[in-house]
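Contents: one structure, followed by commentary.
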Amino acid sequence: MLGDPSPAPPASPAPTGLDLFSSAAGVTPLDPADPDDALRRLFGFAGFRPGQREAVEAALAGRDSLVVMPTGAGKSLCYQLPALVRDDLTLVVSPLVSLMQDQVEGLEGVAGDRVALINAQRSAADNRAALAAAARGGLRLLYVAPERFSSRAFLDAVRDARVGLFVVDEAHCVSQWGHDFRPDYFRLADAARWLGARAIMGATATATAQVAADVERRLALRDPVRVTTGFDRPNLSFAVVRAAGTRAKRRHLAAVLADPAARPAIVYAGTRAATEELAALLGAELRCRVAAYHAGLDREQRATVQRRFMDGETEVVVATNAFGMGVDKADVRTVCHDAVPASVEAWYQEAGRAGRDGLPARAFLFAEGRDKGLHVFFIQRAEVDDGLVAKVADHLARRAQQGRYDLGVDELAALAGDPAGAGDQVRAVIGHLARAGVLRPAPSTPDRVRGALAAPFDGRARAACKASAGDAQRARWGQYRAVWALVEGDACRRQALLRHFGDPAPAAAQAGVACGDACDGARLPAPPAAPARRGGGGGAPGAVAVPADLDDAILGVVRGARPSVGRTRAVEILRGGRSKVIRQNAYDGLPGYGTFDHLTSAEVLGRVDELLAAGRLRSSGGAFPKLEAAA
């Protein structure tokens, strides 16, 4: 179990890094055999946090390792300290551009110009200068994005350097069972060995036992030192808020953030449109600076939003899940999710961006029934059939030159017949083909796939891909069941999170911190009073008052259901039924599916009948009448 996540108190001010690396008389060199001295002299800390010593000693000894530590537990020090003590080059591979920049800036006072980064946001001249410094032995630590390893020129330049430690940050991305799978991570182990790295370290904040085992295999770790410090964040309160609908959910979200002590805050929304809408709503409600952040903004706009949030000018950022990845803002007091994430791992990782300073902070997950339907829709859309796998394999074989391919994701997505939603399918297919030994993917930018053909797509490969696709789909349904068990359960949220990750430690919140809604609900903000509204006329006197958006949900189901549905089937869809008819016709993929599982069948049916009486719905009549929405 993790102790106080704040750093150990400094023993004394850290000396200037340049002094420690100089050969001037009177300067005692750093000793790899004395990591405690290096910790004090480099970072000014009197002692290691749990797990750090084991990871540091493994890296200094040239041992492979897998480090699993929660956000804010000091994972980066596990490779930074060895990198600065060793006399060779440490490569840190990370998809998080902002993390690289933050860490390089943070190390400037310790290591001066012996730390650098290479990524697409820097000029070509700056990247060339960093490579040249690495090749001549002037760097101890070099941060790079994974797609750099698709460049032969980059590999040749780095090979001239003496690579000692090869660090794969966000290592769960290498696992097909992880929540953020990237097939371009598959070849990083090959790159590390080709460069002559003496040791590989995988580092992540979120890995179940299955994912950790897959990471070890994918990175080809040799007799690794395994460091897992536990998953508890005692300074965080974890709360699930089940709301009747979108309006009620957002009223409660605004109420949570109305207290200035709840800010700075990050609010995660599922889509770009939702970030813009929610940012505008919260800006009006809270009367403070609220900004939206998503991939649709240009690079300068995103950088401005991030800078203002880091500087405290913006108090709330409403973002898609790309924001916060690697942003080291220690004083975030609240993280809210406007919709249920696809997995427990995703919620835990994103919620963990609160309270990195060790002070009390809160994580709220706002859930409504329609989230369940959206999850089902995306799982079904991600399902890969044999035909698509064969099409992609054939297309790559025809387009490859000298056994290598380099294509846009959109070109392959067109093969699926649904380009708008096929990007994830394409990446999944590449992963299945790689697992079957047909492809050797190379790191690439998110909009491209690169790699080499390794074997023909024959009957053996087809069977292996089918098995892999089945495993992946079962994993997605497993994630779905796990996250909804947590959302819909009444047990301690902290306990549920720990058990999900296989952590046997007892769940215990820090003194003065509410554990969560299931344990200390009275200590969390109460939901605001929700005004009830009767829908359009025609209702019988005394009919139950219903939320306003039930009307929209009923009409949405009637318009979207194919085949068309009658009164009772519409009610079953809205209440999240799991009958054979629901599954066969994919009604559970409708956005309104499960939206009103908190109401009784009689209440929903009564509202359907009110809409019929009001003329907003029509019945087709006959033995099996179907509903139609009025024009």
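Without hydrogens or angle criteria, Arg362 side chain to Gly516 main chain gives no donor-acceptor distance under 3.5 Å. Side chain of His252 to backbone of Phe366: no donor-acceptor contact under 3.5 angstrom is found. Looking only at distances, a side-chain donor or acceptor of Tyr348 sits under 3.5 Å from a matching main-chain atom of Phe231. For the pair Arg499 (side chain) and Asp503 (backbone), a donor-acceptor distance under 3.5 Å is present. Distance alone, capped at 3.5 Å, places no donor-acceptor pair between the Asp371 side chain and the Ala339 backbone. Here the side chain of Arg494 pairs no donor or acceptor atom with the backbone of Phe238 at under 3.5 angstrom. Using a distance-only test at 3.5 Å, with no hydrogens or angles considered, a donor-acceptor pair links the side chain of Lys249 to the main chain of Asp338. Arg333 places no side-chain N or O within donor-acceptor distance of the main-chain N or O of Ala261, the cut-off being under 3.5 Å. Using modelled atom types, one side-chain atom of Arg233 and one backbone atom of Gly352 make a donor-acceptor pair closer than 3.5 Å. No side-chain donor-acceptor contact under 3.5 Å links Glu345 to the backbone of Thr206.
Annotation: side chain of His172 is in contact with side chain of Gln349 (closest heavy-atom distance under 4.5 Å). Contact check for Leu257 versus Val290: no side-chain heavy atoms found under the 4.5 Å cut-off. You'll find the side chain of Gln495 stays beyond 4.5 Å of the side chain of Cys519, heavy atoms only. For the pair Val115/Glu108, no side-chain contact is recorded, criterion being any heavy-atom separation below 4.5 Å from C-beta on. For the pair Thr228/Phe501, no side-chain contact is recorded, criterion being any heavy-atom separation below 4.5 Å from C-beta on. Put simply, the side chain of Glu603 does not reach to within 4.5 Å of the side chain of Leu550, judged on heavy atoms. In this structure the side chain of His500 never reaches within 4.5 angstrom of the side chain of Leu486, judged on heavy atoms. In this structure the side chain of Leu611 reaches within 4.5 angstrom of the side chain of Ile554, judged on heavy atoms.
Here CG of Leu365 is found 11.0 Å from CZ of Arg242. Values are rounded to the nearest 0.5 Å. In this structure, Arg616 CZ and Leu555 CG are separated by 5.5 Å, a value rounded to the nearest 0.5 Å. To the nearest 0.5 Å, the span separating CG on Leu374 from NZ on Lys372 amounts to 13.0 Å. Distance CG/Leu253 to CG/Leu281: 9.0 Å, rounded to 0.5 Å. In this structure, CD on Gln479 lies 14.5 Å from CH2 on Trp484, to the nearest 0.5 angstrom. The distance from atom CG of Asp169 to atom OG1 of Thr204, rounded to the nearest 0.5 Å, is 8.0 Å.
Residue Cys492 comes nearest to Cys515 through the heavy atom pair SG-SG, 3.6 Å, listed as atom of the first residue, atom of the second, then distance. The nearest pair of heavy atoms linking Gly358 to Gln510 is O-NE2, 3.6 Å. Smallest separation of non-hydrogen atoms from Ser601 and Arg575: OG-NH1, 3.3 Å. Nearest heavy-atom pair across Tyr587 and Ala561 is CE2-CB, 3.8 Å. Ala508 and Pro234 make their closest contact through O-CB, 3.8 Å (heavy atoms, listed as atom of the first residue, atom of the second, distance). Nearest approach of Thr229 to Pro70, heavy atoms of both residues: OG1-CD, 3.4 Å.
His294 and Glu276 are linked by a side-chain donor-acceptor pair at a separation below 3.5 angstrom, with hydrogens and angles left out of the test.
Taking the six-membered ring for Trp and the full ring otherwise, Phe309 and Tyr293 have centroids separated by 6.0 Å or more.
With sequence neighbours excluded, no residue forms a side-chain hydrogen bond (donor to acceptor under 3.5 Å, both in side chains) with Arg122. Residues that satisfy the side-chain hydrogen bond (donor to acceptor under 3.5 Å, both in side chains) test with Glu285, not counting sequence neighbours, are absent from this structure.
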Go through it in stages, so that I can follow the logic: the residues are Val168 and Val174, the test is side-chain contact (heavy atoms from CB on, under 4.5 Å), and I'd like the CA-CA distance, side-chain angles, deciding distance and then a yes or no. CA-CA 9 Å; Val168 181; Val174 81; 5.7 Å; no
Report the C-alpha distance between Val608 and Leu627 in whole Å, list the side-chain angles of each, state the deciding distance to 0.1 Å, and finish with yes or no for side-chain contact (heavy atoms from CB on, under 4.5 Å). CA-CA 10 Å; Val608 170; Leu627 294 175; 4.1 Å; yes
Run Arg251 and Arg247 through side-chain contact (heavy atoms from CB on, under 4.5 Å) and show every step you take. CA-CA 6 Å; Arg251 278 196 303 270; Arg247 291 188 181 95; 4.0 Å; yes
Before you tell me yes or no, could you show the steps for Phe43 and Leu107 under side-chain contact (heavy atoms from CB on, under 4.5 Å), namely the whole-Å CA-CA distance, both residues' side-chain angles and the distance that decides it to 0.1 Å? CA-CA 9 Å; Phe43 298 97; Leu107 288 169; 3.9 Å; yes
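Tested against Tyr268, the residues Glu350, His337, Arg353 include a single side-chain hydrogen bond (donor to acceptor under 3.5 Å, both in side chains) partner, Arg353.
Between Tyr143 and Tyr79, the ring planes are perpendicular. Angles over 60° get that label, and only those under 30° would be called parallel.
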